[in-house]
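This structure is a prediction, so every number in the text was calculated from the model and none was measured. One-based numbering, in listed order, for ligands and for the atoms of each.
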Amino acid sequence: MYNFLKSSHSYFAYVAFAAIIIALLIAIFSMINKKSYSGSNLKTAMFGMIACHIQLLFGLVLYFVSPYGFQNLSGETMKDSFSRLLAVEHPFVNILAIIIITIGFNKAKKAMASGTGNKAILIYYGIGLLLLLSRVPWSQWL
Ligand code: HEM
């Protein structure tokens with residue numbers, strides 16, 4: 001169970017990052033080419049958001065199964081930067097990032113008519129991506 005969840009969370013991270021980066025690139029190119037926000041832009045952004053939500057589900061279950069998650073929460077954990085990253089910072093910051101990405105998608109959806117969806121994706125997905133990248137356990141992942 002633990003190994004399956006860990007591998008799924010580990011490999012699905014590539015899908016989530018790729019989907020968010022593609023949504024961001026499409027928004028940037030549309031802005032540069034002065035194209036308004038279209039239905040296909042929204043579909044790409046939706047794929048990025050759904051990928052994050054699936055990753056969130058894997059992460060939430062993993063948190064209670066992994067020896068580095070809930071089981072590792074203690075005063076000692078806070079003194080060790082790697083343990084603190086996995087037990088506290090990674091879950092907390094990533095949930096925040098996924099909330100920001102979800103808000104961005106809804107803003108882009110509402111802005112379809114006015115054509116300002118690209119800006120919403122650029123700002124919210126951009127901030128979300130930076131937050132996610134800031135708390136990846138790189139030494140363990142790659
Ligand atoms: C889009 C959001 C997320 C991304 C991209 C992501 C990515 C990753 C990556 C790349 C790893 C390292 C995997 C490895 O060692 O091969 C990891 C580990 C982990 N993640 Fe996430 N994660 C996300 C959200 C979450 C959330 C929301 C939680 C918990 C609520 C969580 C809990 C964990 C735990 C506990 C580990 C350590 C697993 C272990 O080594 O036993 N993740 N995550």
Side-chain angles (χ1 to χ4, degrees), residues 1-33 35-112 114-142:
M1 173 79 163
Y2 168 57
N3 286 335
F4 168 75
L5 280 170
K6 193 182 162 182
S7 303
S8 307
H9 192 68
S10 180
Y11 289 118
F12 204 78
Y14 291 102
V15 179
F17 279 129
I20 299 168
I21 290 168
I22 291 170
L24 261 173
L25 287 177
I26 289 178
I28 291 168
F29 284 123
S30 298
M31 280 177 93
I32 291 171
N33 296 321
K35 280 190 189 162
S36 64
Y37 200 72
S38 69
S40 64
N41 289 26
L42 191 70
K43 270 186 199 148
T44 324
M46 186 168 73
F47 187 71
M49 183 188 69
I50 291 172
C52 284
H53 287 185
I54 294 172
Q55 184 68 342
L56 170 70
L57 286 181
F58 280 133
L60 280 174
V61 184
L62 185 60
Y63 190 71
F64 292 99
V65 174
S66 164
Y68 296 104
F70 186 71
Q71 296 165 41
N72 197 29
L73 271 184
S74 70
E76 288 305 303
T77 303
M78 297 302 160
K79 291 180 195 151
D80 176 56
S81 62
F82 184 71
S83 300
R84 196 174 60 235
L85 172 68
L86 285 183
V88 182
E89 296 169 1
H90 175 81
F92 181 76
V93 174
N94 285 3
I95 289 173
L96 182 69
I98 295 169
I99 291 172
I100 292 172
I101 286 170
T102 306
I103 294 173
F105 174 76
N106 284 304
K107 286 212 178 274
K109 198 174 163 187
K110 282 187 191 138
M112 277 281 285
S114 61
T116 55
N118 288 319
K119 200 172 154 198
I121 294 298
L122 184 64
I123 294 170
Y124 287 85
Y125 278 45
I127 293 171
L129 179 64
L130 288 179
L131 287 175
L132 291 176
L133 289 174
S134 77
R135 289 297 172 269
V136 169
W138 294 106
S139 59
Q140 190 178 302
W141 188 33
L142 298 176

Check: Is there a donor in the side chain of Ser74 and an acceptor in the side chain of Thr77, or the other way round, less than 3.5 Å apart?
Finding: yes
Next item on the list: For Asn41 and Ser38, test the side chains for any donor-to-acceptor distance below 3.5 angstrom and give the result as yes or no.
Entry: yes
Please check if atom [atom1] in [X] has more than 12 non-hydrogen atoms from other residues, nucleotides or ligands closer than 6.0 Å.
X     : atom1 : value
Tyr2  : OH    : yes
Tyr14 : OH    : yes
Phe47 : CZ    : no

Check: Can you tell me if His90 uses its side chain to pair, donor with acceptor, with the backbone of Arg135 under 3.5 Å?
Finding: yes
Checklist line | atom 37 (C) of ligand 1 - nearest protein heavy atom and its distance | finding: Leu86 CD2, 3.8 Å
Margin query: I need the nearest protein heavy-atom contact for atom 15 (O) of ligand 1: residue, atom name and distance, please.
Written below: Gln140 NE2, 2.8 Å
Which atoms of ligand 1 are found less than 4.0 Å from any heavy atom of [X]?
X      : answer
Ser66  : 38 (C), 39 (C), 41 (O)
Tyr2   : 39 (C), 40 (O), 41 (O)
Ile95  : 27 (C)
Leu56  : 27 (C)
Leu132 : 1 (C), 2 (C)

Check: What are the protein N/O/S atoms, named by residue and atom, that sit under 2.8 Å from atom 21 (Fe) of ligand 1?
Finding: His9 NE2, His90 NE2
Shortest non-hydrogen separation from [X] to [Y] and the atoms involved:
X     : Y     : result
His9  : Gln55 : O-NE2, 2.8 Å
Leu62 : Lys6  : CD1-N, 3.8 Å
Leu86 : Pro91 : O-CD, 3.3 Å

Notebook entry, point to check: How are the rings of Trp141 and Phe17 set to each other: parallel, tilted or perpendicular (split at 30° and 60°)?
Noted result: tilted
Notebook entry, point to check: ligand 1 and Tyr63, any nitrogen or oxygen pair closer than 3.5 angstrom?
Noted result: no
Margin query: With nothing but distance in play, are any N or O atoms of Ser10 less than 3.5 Å from an N or O of ligand 1?
Written below: yes
Checklist line | Per atom 5 (C) of ligand 1, closest listed option by heavy atom (Phe17, Phe12, Tyr11, Phe92) | finding: Phe17
Notebook entry, point to check: Among Ile26, Ile32, Ile28, Asn33, whose side chain to side chain contact (heavy atoms under 4.5 Å, CB included) with Ser30 holds?
Noted result: Ile26
